[in-house]
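Take a look at the structure below.
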Amino acid sequence: MKRIMTIQDISCIGKCSLTVALPIISAMGIETAIVPTAVLSTHTMFSDFTFHDLTDEMEPIAKHWKKEKFDFDAIYTGYLGSDRQINIVSDYFDSFKGKNTKIIMDPAMADNGKLYVGFDEMFAKNMGKLCGKADIILPNISEAALMLGVEYPGEDADEETVEALLLKLSELGANVSVITGTVFKDGTFGFTGYDKAKNEFFRYGTEKVPHKSHGTGDIFASAFTGALTNGFEVYDSLKIAADYTCACIKNTYNDPEKVDYAVNFELEIPYLLKLINK
Ligand code: PXL
């Protein structure tokens with residue numbers, strides 16, 4: 001069985017980070033080792049959330065795993081809580097990147113041009129530096145602009161602007177840079193990417209459902225990591241992730257009992273498994 005490591009927080013309620021990565025990647029038939037970076041009562045869009053930092057556990061976990069000689073087909077990072085965690089994750093990459101280990105980073109830290117509560121511009125820059133060690137990075141438009149220290153161009157940035165951001169992102173070091181949540185002239189919504197080795201841009205759009213919610217970036221990155229680890233090509237894995245995320249948003253949009261803090265990713269897992277023929 002393939003094994004991946006994912007490093008992100010546990011938001012006890014919120015359907016984001018580990019509470020989506022673990023079920024999605026496990027459902028895709030992959031052993032999912034977790035490094036929880038913090039425990040929060042909810043994600044940070046609620047007020048008065050609790051936050052218990054687990055940074056002090058991260059180095060001992062790595063030390064034990066090294067001793068046991070665990071190896072990983074992929075390392076996937078999401079929300080990280082502090083600059084200190086960024087440094088420790090950098091050490092994780094050095095310690096656990098084997099010849100065939102893919103490093104996938106979703107620098108989850110901002111939306112709509114604004115950093116999440118608790119982060120500053122220095123944190124964004126440091127996240128950008130860490131992205132230089134990844135093979136594939138998956139920021140949204142806000143995260144791309146913040147990591148590069150350029151002005152936020154808005155959610156409806158045109159294709160030329162997005163491509164210019166991608167070229168700059170690729171200078172951080174990852175071979176494949178993908179900006180999620182881009183809009184296209186034909187009214188669809190999806191991702192735009194750049195493959196540095198092939199010097200090629202690529203894009204894919206799905207139906208734009210008029211519903212914005214939390215955690216969709218985490219669902220996208222988790223499904224992408226699962227598909228890639230199952231042997232799909234990068235572009236096909238991104239397409240699977242986009243189709244699945246779109247289905248989750250649509251399911252939620254049509255649900256009269258929907259919650260306002262997350263999407264119904266659970267109900268579309270059978271569709272995800274169909275997409276990967278499992
Ligand atoms: O979905 C990204 C995410 C992950 N973890 C925490 C968050 C968020 C988004 O707000 O607050 C704690």
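First listed ligand is number 1; within each ligand, the first listed atom is number 1.
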Original post:
Using a threshold of 4.0 angstrom between heavy atoms of the protein and any atom of ligand 1, which residues qualify?
Top reply: Asp9, Ser11, Cys16, Ser17, Leu40, His43, Thr44, Tyr79, Tyr116, His214, Asp218
Original post:
Using 30° and 60° as the class limits, which term best fits the ring planes of His43 and Phe46: parallel, tilted or perpendicular?
Top reply: tilted
Original post:
Would you find a donor on one side and an acceptor on the other, under 3.5 Å apart, between the side chain of Glu143 and the backbone of Asn140?
Top reply: yes
Original post:
Between Tyr76 and Phe224, does a side-chain contact (heavy atoms from CB on, under 4.5 Å) hold up when you go through it step by step?
Top reply: CA-CA 10 Å; Tyr76 152 42; Phe224 168 73; over 6 Å; no
**OP:** Step through it carefully: locate the ring centre of Phe119, locate the ring centre of Tyr79, and say whether they are under 6.0 Å apart.
**Re:** yes
**OP:** Examine distances only and state if a side-chain atom of Thr101 and a backbone atom of Phe72 form a donor-acceptor pair shorter than 3.5 Å.
**Re:** yes
Original post:
Just by distance, do the side chain of Arg203 and the backbone of Gly190 share a donor-acceptor pair under 3.5 Å?
Top reply: no
